[in-house]
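Here's the structure we're looking at; comments come further down.
So that the names make sense, note that chain A is the first sequence line, chain B the second, and so on, each numbered from 1.
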There are 2 protein chains.
Amino acid sequence: MRFETSTIKDIAKALGLSTSTVSRALRDRYEISEETKKLVLAYAEKVNYRANPIARSLKERRSYSIGIIVSEIANNFFSQVINGIESIAYDKDYHVIISQSHESYKQEKLNVDHLASRSIDGLLIALSSETQDIDYLRDLYAKGLPIVFFDRVPEDFETHKVIANNFKGSFDATEHLILSGKRTIAHLTNSENLSITKERLEGYKAALVKYHIEFRPELVKYCQHGGMHSAELEQAVKELLPLKPDGIFISSDRLTTGCIMALKKTNPEVAHKIAIAGFTNSNLVELFSPSLTSVKQPAFEMGQVATELLISMIEAKRPVTEFETKVLDTELVKKR
Amino acid sequence: MRFETSTIKDIAKALGLSTSTVSRALRDRYEISEETKKLVLAYAEKVNYRANPIARSLKERRSYSIGIIVSEIANNFFSQVINGIESIAYDKDYHVIISQSHESYKQEKLNVDHLASRSIDGLLIALSSETQDIDYLRDLYAKGLPIVFFDRVPEDFETHKVIANNFKGSFDATEHLILSGKRTIAHLTNSENLSITKERLEGYKAALVKYHIEFRPELVKYCQHGGMHSAELEQAVKELLPLKPDGIFISSDRLTTGCIMALKKTNPEVAHKIAIAGFTNSNLVELFSPSLTSVKQPAFEMGQVATELLISMIEAKRPVTEFETKVLDTELVKKR
DNA sequence: TTGTATGCGTTATCAC
DNA sequence: GTGATAACGCATACAA
């Protein structure tokens, strides 16, 4: 607070009380006479007193704020998750600080360090597609920082996690393509080391197995940058088309929109012939690709659940030892 | 910082120095012997010392963080602006705190108050479409909080502002429709009290005048919620179609995507016959509506410029008295 | 060049 | 029930 505001001291002086009395009245904590409490509250209201959270943070050694790390806020899925996070956090008087990793490990680490040093009380994080080494998170966790992972989670890290039922979502989407008569189904997906990539690949494979369709590795294309660079997608499309796929199952929001763009740009004549099913939370996309089937993730809910878990860790009297991995169901929205 | 960390005091004790010496060495501020400075820095590095920004904020009465208020982060334009803001802020060692108003005046005010009480050093804000009374901002400004408006700016507020050349962008877009042979051009736009709405309406009108086309108020539809609710857009489309427009000039990103969706949903048979030109920073949209022409705003740059202005205000020795309104050019991206 | 003392605004531990 | 006082971690005016 760089500019003038009234403090507890001001109120105390004005009312002829001590700062501790004022503090108690404001916090309604220790026993205090109704009378003086009312007096203080009334005066505080009058001068529009706002407690200085910086001072409070320093004293209490906590900040009432939680950090969020996502790869991109310009991603329908993540912005919906963030809305879910905010809905719970604000309700419980926590502030949120959003940071973007832009799918870069270096940036992710930088942001986390920054947040940690800025005294966040807990961290909600979806790993970047580059991230493989999470020792820096382990250190922070060991030092006492509560962490909850969502969507993109590590395997070997004992804490709460919230994910979608990626296996089932992928299975359903692939099955839908198969039931529509498709037989050569490609799979366009994220970086190989993301948890969601692995889980979704398994769901895709399982559907193929069920319908006795051979799994062909060359039909699977990985995009390291999650479709942020159009060149990456155009390259994938270019490699895929000679294999004559009649369907594509796509593993993320950005990839789905990006792939449709790449198809229309590089091969408009075949674009409409290929059925697409993809993880996407964007309403827009569905409309334009008539045969697009989307796997909707409960993004808002994922944000809510993750935040509730995090806050429970933050406010727990002693370290949590029982962890859970919440798995939320996806919804298949079929189009024509 | 809720968990263990080494402080200046720890370093001082370990090195047999005083806290002030350590502080000075770390901040490299007062004259201090090269020797002790090196000693301190080396040790600080060794124990991975991180200054507690909370304590620093309390002491210096500033937080090295700037607040951002936008209506929605899930808006291509705003997320690009935010990226621009971050690029400058991080470079100058400021942290950013993002809040969403969701086009609600109440939420906007709540967020601003929250940020202000959390000791932001400055505020970057694009007003919500509901906002009419900005006295609360005036109060904060009077108390010393530097504020820079971008995109959606108030008329009667003397401070730095950064906007796009909305008049010219709208003029160009409308003219483009006219030159394509359109004569009945509707205008779909935001809430009437937004600055961008007014400026864009003027550009639209000016283009009509130039080509001797009569301005018909019934062809202009305002959307209070900026296209966040699909019902709102469907209603607008429903009212517009009986007037048989052959072109629509749309005033924002969300409205453009939303309008195309509404058209395809409610009147797929005429959707492709209507030429659309709209303010949108989404690459996706262009692809799907073949005749869509977009007015691209320099969003990233807008974020950068606004942030530079804000930081200059924050770091100015005395109150700024000369204000500027930066006007950035838009770019018309024509399709076929 | 370095050390001592003070205060930022708040909460907590004592006394009274 | 209330008031003095210390402390959170840091920066700085002042003294040495």
Worksheet entry | Rounded distance (Å) that lies between atom C1' of dT12(D) and atom CG of L26(B) | 15 Å
Fill in: Shortest side-chain distance from R56(A), nucleotide among dG3(D), dT11(C), dG3(C)
dT11(C)
Fill in: Atom pair CG (L115(A)) and CD1 (I66(A)), whose distance is rounded to the nearest 0.5 Å
11.0 Å
Worksheet item: F150(B) vs F78(B) aromatic rings, parallel, tilted or perpendicular, using cut-offs 30° and 60°?
Response: perpendicular
Practice prompt. Name all residues meeting the side-chain hydrogen bond (donor to acceptor under 3.5 Å, both in side chains) criterion together with T325(A); count only those two or more places apart in sequence or in a different chain, and write none if there are none.
Written response: none
Discussion item. Nearest to the side chain of S33(B), heavy atoms from C-beta on, is which of dG9(D), dT2(D), dT1(C)?
Written reply: dT1(C)
Worksheet item: Atom CD1 of I54(A) and atom P of dC8(C): how far apart are they, to the nearest Å?
Response: 16 Å
Worksheet, complete the sentence: Result for 5'-nearest mapping on DNA chain C, choosing between Y49(A) and T36(B), is T36(B)
Worksheet item: Base, sugar-phosphate alone, or nothing: which one does L58(A) contact when heavy atoms must sit under 4.0 Å apart?
Response: base
Item to complete: Output the single nucleotide from dC8(D), dG1(D), dC10(D) whose closest atom is nearest the side chain of K59(B).
Response: dC10(D)
Worksheet entry | Distance in angstrom units between I8(B) CD1 and dG7(C) P, rounded | 19 Å
Worksheet item: So which heavy atom on Q100(A) is nearest to which on S71(A), and how close?
Response: CB-O, 3.7 Å
Item to complete: Mind calculating the distance between CZ (R27(A)) and P (dG1(D)) to the nearest angstrom?
Response: 18 Å
Worksheet item: Looking at S129(B) and S191(B), what are the two nearest heavy atoms and their distance?
Response: O-OG, 3.1 Å
Item to complete: Look at the side chain of T7(A) and decide which nucleotide, out of dT10(C), dC10(D), dT1(C), has an atom nearest to it.
Response: dT10(C)
Worksheet item: Roughly, in whole Å, what's the span from OH in Y64(B) to C1' in dC10(D)?
Response: 11 Å
Item to complete: Answer yes when K143(A) and D139(A) have at least one side-chain N-carboxylate O distance shorter than 4.0 Å, and no when they do not.
Response: no
Worksheet item: dC8(C) P sits how many Å from D10(A) CG, rounded?
Response: 10 Å
Worksheet, complete the sentence: On DNA chain D, more 5' by nearest nucleotide between T19(B) and T19(A) is T19(A)
Discussion item. Given dC10(D), dT5(D), dG9(C), identify the nucleotide with an atom nearest to the side chain of N52(A).
Written reply: dG9(C)
Worksheet item: When the distance from CZ of R24(B) to P of dG9(D) is rounded to whole Å, what number comes out?
Response: 20 Å
Worksheet entry | Base of dG9(C) paired with side chain of R61(B) (donor-acceptor, under 3.5 Å) | no
Worksheet item: If you find the nucleotide of DNA chain C closest to E60(B) and the one closest to S23(A), which residue's nucleotide is nearer the 5' end?
Response: E60(B)
Response to the item:
Winner on side-chain proximity to S18(B), out of dT2(D), dT4(C), dT10(C), is dT4(C)
Discussion item. I need the CG-P distance between L15(A) and dG3(D), as an integer number of Å.
Written reply: 10 Å
Discussion item. Nearest to the I32(B) side chain among dT2(D), dC10(D), dT2(C), which nucleotide is it?
Written reply: dT2(C)
Worksheet entry | Pair of N/O donor and acceptor under 3.5 Å linking dA4(D) base with S20(A) side chain | yes
